[in-house]
*Asks:* 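Provided herewith is a single structure, encoded as structure tokens, for subsequent inquiry.
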Amino acid sequence: MKHIAFFTKLSLIAFTLIITSSTVQAQKDFTKTATKLFEGGSYFQAIESYKVAYSKEKVDSKKAEILYRIGQCYDKIHDLAQAEVWYKKAISANYPEPETILNLADVIKSQQRYDEALEYYKKFDKAKPGDERASRGIESCKLAQEWKDSEPTHKVQNEVLLNSKQVDYSVAFADKKYNTIIFSSSREGASGEDKNAVNGESYSDIWSSTRDNKGKWSTPVSISNVINTADEEGTPTLDGKQSSFFFCRIKARENGTVDSKIYTARKSGKNYTGIVPVKLGPDSFLYSHPAVSDDGTFLVYTSNRTDIEGTKGSMDLFVTTYNKKLRKWSEEATPIKSVNTAQYEAFPYVHPNGDLYFSSDGHIGMGGLDIFVAKKTGERTWGEPVNMRPPINSAGDDLGIVFEGEKQRGYFTSTRDGGRGKDDIYSFFVPAKVFKLEGKITNAKTKEVIEGATIALSGSDGSKYEAKSDGTGFYEFDIIPGTSERYLKEETNYNILVTAPDHLNAKGEESTVGIEGSTVFVHDFALIRFREADGSAGEIKMPEVRYEFNSADLTNEAKDSLDFLYQTLIDNPTLVIELSAHTDSRGSDKYNQALSQRRAKSCVDFLITKGIDARRMQPKGYGESRLIITDAEIAKMATEAESEAAHQKNRRTVFSVIRADFQP
């Protein structure tokens, strides 16, 4: 991230000079004055000084550099449109530094113009071959557009009751019921009277708001005049017991440098006592953005420390532990190598489950700071970070995420378009997935719709529901009548049983387990009718049950075919059937009758071995008395193969329903 719009709240760089306005006016070298302001982090003041310097400067190369510096100043205070204007002016004035092209690409990307930014990253790549920032920018543009076009996993909304026209950021929950929050803000009413030289706003304080039983947040109030001072206070956090309170305080030293420390206090109700700075290392470094673990045993923070081996960037994340015996935090912190880059890592948050969330502009992202999550891999160790993607991340700066305990909802801060102020607080949640089951019930043979069929839905969560098919055969399980709940829940397996008078039952399955988004399941059923409208039973076909010549023994293929009938009897436990076997016309009537009876019985005996009650099956051999294809028709066939196929159709095994009142 090239623009640091919230330096005092971020503490992201070690700006070492804060030049007051009275000192500025004493300078006669306007460019030198502006540069001192810039190097001291006073970008808001530096802009006007650079503009004056530009009007006085005569040398073209120096004028071009001033244009670039003005662009940088606007970039730092997050005025992207103006930053773009001045960077382009610097390029037009032939400012030679390739960084100008890179910075221009960054601010264009941060305005969500990814295709245009991509071209500037390619130009920077040509101007400075081998620089990884070019390849990272090119990849981020491609991924950002892809992520933007994908289905969002979260819902995000601006918390207008919490936000002001100033900077509002870094929420923390301040009670165990998650109905009170504290956050940082430079809104009107802040304790200090001085203006922040970085962005021209007041120094931030920590504020509090409470949510009523209707979900409405109260007007924010300053939490304590003990915590809030004329200096900058921000990024509050508490442990899981809501007793240990941490925050960052930034103040100017008399020598013109900046002191940024993490403080801790004991919280009891609305009172804060025992406020002391946490000694985390040499005072020459900056310490900010505390994130304490739920059990209070370790602390993650942001710092520009270079005295510890393994640091990577200008601001890294470190983790340190609490020594109960000595009652202090260790100064021997460990840089979190799996997440740190050469850029900025800040705003850590330790989830109750141990996962680490943070913001960075050093990993592939949407633009500016993005929020990432690194899964816990061990004690105070985390894996590779994963971008949280839109709508959590945007082309602006996104930071300071916090969750409402284990729930998939919480708050974060963003500079995205559409906010009330420069930095706004947003809430997020994962919307419940919407699942619906619907379908049509028809007759398998006639394709006519079946009205009044019963569709029973049973879930692995123990739920049981029923629906009826309407006059069009349609059924659905959508919203439970009289409620806002839905029949189908997430991560649940469902069994479907369809029943209708004089029809075989039908079964099906659906599952919401592992389904990423809302889904409409369509499951149609074609039911087999076993009793005609006149009350007569109809034969029901099943896979061919074949036998060896002149044999009633079942082959392995025949047994496989009988599995259809077995499953039908299992699915329809009240049916009593006749299992009928037929032969072709070859052989005597008497012989064929006896052979078909033996074949029918062999089927029944097999099903008995699989557990079907013998009382539910009556074997019946019909010999050659019910030919499908007559001998006269077979005699007219042209080839022997056709004739043999016709005889095979006559050698069939079928079943019909005798009654449907068997009591198991």
*Asks:* What pair of heavy atoms forms the shortest contact from Ser208 to Ile223, and how long is it?
*Replies:*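 Smallest heavy-atom distance, with atoms named: CB-CG2, 3.4 Å.
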*Asks:* Mind jotting down which residue pairs meet the salt bridge (charged side-chain N to carboxylate O under 4.0 Å, His left out) criterion with at least one end in residues 41-50? Sequence neighbours excluded, please.
*Replies:* none
*Asks:* Partners of Tyr349 by ring pair (Phe, Tyr, Trp, His ring centres under 6.0 Å), sequence neighbours excluded?
*Replies:*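 Partners of Tyr349 under the ring pair (Phe, Tyr, Trp, His ring centres under 6.0 Å) test: none.
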*Asks:* Please work out which of the three classes, parallel, tilted or perpendicular, describes the rings of Trp329 and Phe246, given edges at 30° and 60°.
*Replies:* perpendicular
*Asks:* Who are the salt bridge (Lys or Arg N to Asp or Glu O under 4.0 Å) partners of Arg113, not counting sequence neighbours?
*Replies:* Glu84, Glu116
*Asks:* Parallel, tilted or perpendicular: which describes the rings of Tyr426 and Phe412, with under 30° parallel and over 60° perpendicular?
*Replies:*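 Ring orientation of Tyr426 relative to Phe412: parallel.
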*Asks:* Please name all residues satisfying side chain to side chain contact (heavy atoms under 4.5 Å, CB included) with Leu143, sequence neighbours left out, ordered by chain then number.
*Replies:* Glu139, Glu146, Trp147, Ile364
*Asks:* So, do Ser303 and Ser288 sit near enough that their side-chain heavy atoms are less than 4.5 Å apart?
*Replies:* no
*Asks:* Between Arg187 and Asp168, is there a side-chain N and carboxylate O pair less than 4.0 Å apart?
*Replies:* yes
*Asks:* Could you give all pairs that pass the salt bridge (charged side-chain N to carboxylate O under 4.0 Å, His left out) test and reach residues 59-69, with sequence neighbours left out?
*Replies:*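 Those involving residues 59-69 are Glu65-Arg69.
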*Asks:* Under 6.0 Å between ring centres, would you say that holds for Phe285 and Phe318?
*Replies:*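 Between Phe318 and Phe285, which both carry aromatic rings, the centre distance is not below 6.0 Å.
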*Asks:* Which residue pairs satisfy the ring-ring contact (aromatic ring centres under 6.0 Å, His included) criterion with at least one member in residues 103-136, sequence neighbours excluded?
*Replies:* none
*Asks:* Hey, would you say the Phe372 and His363 ring centroids sit under 6.0 Å apart?
*Replies:* yes
*Asks:* Is Ser204 reaching over with its side chain to a backbone N or O of Glu233, donor-acceptor style, under 3.5 angstrom?
*Replies:* yes
